[in-house]
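Numbers restart at 1 for each chain; the letters A, B, ... are given by sequence-line order, proteins then strands.
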Amino acid sequence: MDALAPIYVKVLLHLRLPNPGPPVMRATSILKLLCATAAIVLCATPHVGAAEKKTLGFAVTKWNTAVYEGKFMDECPEGLNPSNKDIWWSKLNWEQRRKTPDILATQRSPWNFRGEHGEDVCVAPTSVKDPPLRIVKGGVSFGMNLDGNTDGAATAKTCKHENFTGVDGTAGVDNQMYRLFGCVYAWRSNGHIEQNANSHRLSSGLGMILIEISDVDDMRNDDHVDVTFYRGLDPFATDSAGHVLPFSSYRIDMENGKPRYGDKVAGKIVDGAIVTETGNVHLPFFGNYQYMNQEIRDLRLKLSIAPDGKTAKGDVGGYYSVEQIYRYVSGMLGAFPNTTQFSCPGIYVAAHELADGYPDAKTGECTMLSSAFKLEAVAAFINHPEAKPSQQAAR
Amino acid sequence: MISTKFKRAVLLAGLALGLAACGPKEPQTAGTPLGIRRLSEEQYRNVVADVFGTGIVVSGRFDPMIRTDGLLAVGAWNTSITPQGLVQYEEMARNIAAQVVSDANREVLIPCKPASAAAYDKVCAEQFFTKVGRLLYRRPMAAEEMTATLKITEAASDSLKNFYDGVGFGLARLLVSPDFLFVSDVAEADPKNAGTQRLNAFSKAARLSFFLWNSAPDDRLLQAAEKGDLYTAKGTEREVARMIASPRLKTGMRAFFSDMYGFDAFNVLEKDATIYPAFGQVAAQDAKEQTLRTITDLVLKQDGDYRDLFTTRKTYMTRPLGRVYEIRVTTPDGVWEPYEFPIESRRAGIQSQLSLLALNSHPGRSSPTLRGKAIRTYLLCQRVPDPPGDVDFSKFGDPDSPNKTARDRLTAHSTMPACAGCHKITDPIGLAMENFDGAGTFRTSEDGTPIDSSGDLDGVRYDDPVGLAKALHDSPAVAACVVNRLASYATGQPTAQSDKWVNFLREDFASNGYRVKNLLQRIATSDAFVAVPPPAAATSTKQASAQ
């Protein structure tokens with residue numbers, strides 16, 4: 001039997017009918033689809049043929065900034081970054097250090113309030129001049145070639161920047177977000193920023209990204225599918241060990257009768273992997289006690305579904321707003337003052353210097369960072385408000 | 001006020017009862033021996049909820065029941081209370097009593113106010129115990145019982161200088177009394193037939209009530225007993241019609257089918273979370289509830305053919321179940337929605353639902369043998385011998401075995417002569433359910449090898465679980481089994497398939513379209529239901545106690 005047969009079965013089994021018709025028609029459609037399933041299993045053919053359109057759903061369980069870590073950390077020749085607290089401490093003289101307990105007794109997180117006039121340096125990052133952020137100097141990165149060139153030259157939508165070579169050898173990879181955060185401990189594999197954010201979403205269900213792939217004719221190769229991003233409304237369904245279970249049903253978040261999120265990009269299926277075209281997409285986010293309405297411009301997604309159809313892994317590329325990422329970074333520092341291992345002014349300055357996308361019309365300075373994210377997801381049933389039990393397609 | 005809908009239901013039930021009475025005449029039977037049975041945990045909880053309301057929390061552990069001749073309800077006639085169990089009853093009784101007399105509940109649950117809350121008030125105490133004692137003992141309290149209860153109440157009230165605390169002590173005494181914890185059959189001389197005995201009216205009321213509602217008689221049924229209505233066919237038929245029309249019948253039938261299908265095993269059901277991560281405690285409880293809802297919907301609400309339980313694709317679904325079935329569920333967590341499995345799902349009948357599939361599997365894999373045995377035992381009332389003590393499982397359990405599917409492994413295992421006999425009667429049934437893994441999730445292959453789900457049931461061959469469903473539906477043993485079990489459940493005594501009364505019920509069941517409600521009416525109004533053997537054979541409860 002074709003190795004991909006199980007995935008066809010799974011896919012067909014959690015399909016959603018595209019347009020609710022009269023009950024009889026819906027029943028007929030379900031029948032046709034399930035007959036098609038049987039045909040696929042029995043004939044072991046990779047071609048669905050004249051089967052009805054199918055819809056797949058996934059709930060994103062992990063969303064991480066793509067950080068490439070070399071074996072000897074040689075991407076960070078200056079080492080990892082010091083924290084706000086380290087910088088504050090380094091500027092204290094011996095007498096001041098001796099009095100630290102007295103200071104801490106009367107002031108919370110004094111290292112944050114080290115602006116020229118006692119400003120919180122995360123709120124006012126230009127109120128103090130910190131040492132430059134230690135950024136990635138390596139030449140290899142995860143990510144995609146977002147601007148189409150391989151030399152990093154400025155284009156109408158980008159500023160001059162230095163490209164990476166992809167981990168898979170792709171030339172001209174754009175990932176200034178990695179250059180910014182790659183030498184910050186909290187963003188690396190043992191850091192807690194991404195882990196915390198994933199954990200917070202997992203336990204609360206807040207900021208859940210649902211991905212729906214519709215208009216699917218052929219799971220192997222299809223020259224057109226639609227990929228829509230929603231926000232989930234229900235908490236994650238987990239097993240006793242806390243792992244997210246596949247094949248749970250999730251409602252989408254609605255506002256005034258329309259999905260609160262719902263940006264759609266066109267895509268195709270190539271050798272079983274879903275690859276989208278570019279599009280501006282808003283995505284929900286919750287993590288480290290902060291909500292965000294993330295906007296990723298020129299987003300593109302490559303999603304590979306596991307053979308058993310239960311899980312998927314994906315790569316996301318696109319341009320991410322400097323203002324948005326700084327708001328997130330500065331906001332989380334209040335929650336994790338001791339362990340974030342970066343300075344707000346350092347991040348602020350470097351983020352603006354590294355920005356390589358979407359130049360401001362007046363200043364010409366770029367406002368967005370090329371970026372790459374890695375996601376993991378489980379198969380899910382995405383319930384639209386009009387979905388009724390009679391529409392359910394089941395195995 | 002009694003609703004029009006309820007009146008109509010009673011009327012229809014009465015009409016059906018009348019029509020049923022036109023059928024073949026019931027054969028005379030010797031009757032069932034008198035006995036004493038312990039309240040089951042569910043009955044205890046139901047009675048407390050009925051008398052004091054669902055707000056009263058019953059917390060404690062109950063002694064286990066013993067399954068006898070296929071039913072816990074039959075085993076209840078042979079169970080006692082251990083010393084440890086009595087301690088639990090004592091603690092539960094005190095806890096319940098404290099809740100009843102608490103500030104929050106006394107206004108509602110105690111029908112009078114004492115002259116002073118700090119002193120004993122005989123009139124109010126007697127009023128309370130007259131009402132509550134009758135419901136708990138399922139008969140009016142005898143004068144000496146009332147006197148003893150009031151004496152305890154008075155002593156406690158005086159000692160604690162609190163009337164309500166005193167009442168609590170008196171109530172706790174009732175709740176640990178054998179008259180409450182045990183249902184006793186009491187016979188009396190039958191004035192119409194000299195030299196014979198009959199169940200007295202209160203014993204008959206209790207038997208009716210525990211049979212149909214799985215709880216103690218309500219006030220109306222006790223009134224009917226007090227007035228002597230239950231000694232007449234007309235009075236009995238009226239009360240049975242009322243009870244069958246009551247929504248409480250659902251509680252009774254859930255208890256019966258839980259007993260018949262061995263759902264008490266859900267209390268100890270565990271699945272390997274690594275292998276079946278979606279099948280947790282919530283899914284397990286929902287699985288049990290799903291099947292009970294399917295049953296009560298078909299046999300009570302739809303008043304359908306009992307045999308259709310084994311072919312129906314209609315059921316109810318929740319999200320935790322949806323994750324195991326791997327289907328979309330549109331309603332939020334905690335909400336049940338009607339659901340119909342598509343034809344191609346290969347699911348038909350309750351035997352293809354998670355409850356029976358998961359319950360009769362191993363923690364980490366399916367078991368055609370356990371499933372086949374369950375079908376034989378629970379659905380067909382047949383006995384499957386236990387495996388011999390020295391059975392060799394090495395061929396079956398060998399992880400390096402070239403046999404990839406359960407069918408292959410069982411074939412190798414059952415070539416051993418000691419095993420072959422039993423496996424021949426279980427495996428052809430269970431192998432037809434191999435499309436469902438140990439948690440009940442659909443699959444087409446095991447360890448990469450396609451599953452062959454063909455088999456046969458007593459000579460009827462089929463290719464898949466749907467074929468098994470049809471074979472079960474058409475098997476005469478399925479309908480005979482539920483008749484046999486209901487008859488045993490009603491009387492608390494094992495009934496043989498050859499029993500004249502059971503044969504009569506079986507024929508009546510078939511002629512009435514296999515409607516369970518009809519069968520309930522027929523059993524509850526039949527003479528055999530309350531027949532008592534002649535005095536020489538019967539022993540009254542009082543005599544038994546004395547012995």
Side-chain angles (χ1 to χ4, degrees), chain A residues 1 3 5-6 9-10 12-17 27 29-42 44 55 57 205 233-235 237-251 308-310 378-395, chain B residues 270-284 286 313-347 352 435-437 439-446 448-451 464-466:
Chain A
M1 179 172 282
V9 177
K10 294 286 181 185
L12 284 166
L13 291 173
H14 74 283
L15 53 85
R16 192 178 77 84
L17 295 179
S29 300
I30 291 169
L31 193 61
K32 285 178 183 174
L33 290 167
L34 287 161
C35 286
T37 306
I40 291 164
V41 174
L42 292 172
T55 300
L233 202 56
D234 298 298
T238 58
D239 66 14
S240 55
H243 302 125
V244 180
L245 292 165
F247 301 116
S248 194
S249 302
Y250 297 97
R251 292 171 294 168
D308 63 4
K310 292 182 178 177
V378 295
F381 297 102
I382 298 174
N383 285 344
H384 291 248
E386 75 275 14
K388 298 286 188 297
S390 58
Q391 281 181 265
Q392 293 171 5
R395 55 180 16 171
Chain B
E270 288 287 346
K271 289 290 168 191
D272 187 326
T274 308
I275 300 169
Y276 305 120
F279 198 96
Q281 285 300 313
V282 177
D286 282 2
R313 289 183 287 107
K314 289 182 178 173
T315 184
Y316 294 85
M317 198 61 68
T318 61
R319 285 199 179 185
L321 291 178
R323 290 189 274 273
V324 186
Y325 283 114
E326 299 184 355
I327 58 170
R328 177 194 305 278
V329 180
T330 56
T331 48
D333 264 338
V335 179
W336 287 86
E337 67 181 32
Y339 183 80
E340 184 166 357
F341 288 109
I343 292 170
E344 293 76 13
S345 69
R346 298 201 203 176
R347 289 192 196 268
S352 69
N435 278 131
F436 309 110
D437 68 17
T441 303
F442 182 80
R443 60 182 178 176
T444 55
S445 63
E446 182 180 3
T449 304
I451 288 171
D464 58 18
V466 179

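A side-chain donor-acceptor contact under 3.5 Å links B:Arg323 and A:Ser248.
Side-chain atoms of A:Asn383 come within 3.5 Å of backbone N or O of B:Val329 as a donor-acceptor pair. Under the 3.5 Å distance criterion, the side-chain polar atoms of B:Arg319 are matched with a main-chain donor or acceptor of A:Ser249.
Note: A:Phe381 CZ to B:Thr330 OG1 = 12.0 Å, rounded to the nearest 0.5 Å.
Contact count versus chain B (heavy atoms, under 4.5 Å) is highest, among A:Ala237, A:Pro235, A:Ala241, A:Ser240, for A:Ala237.
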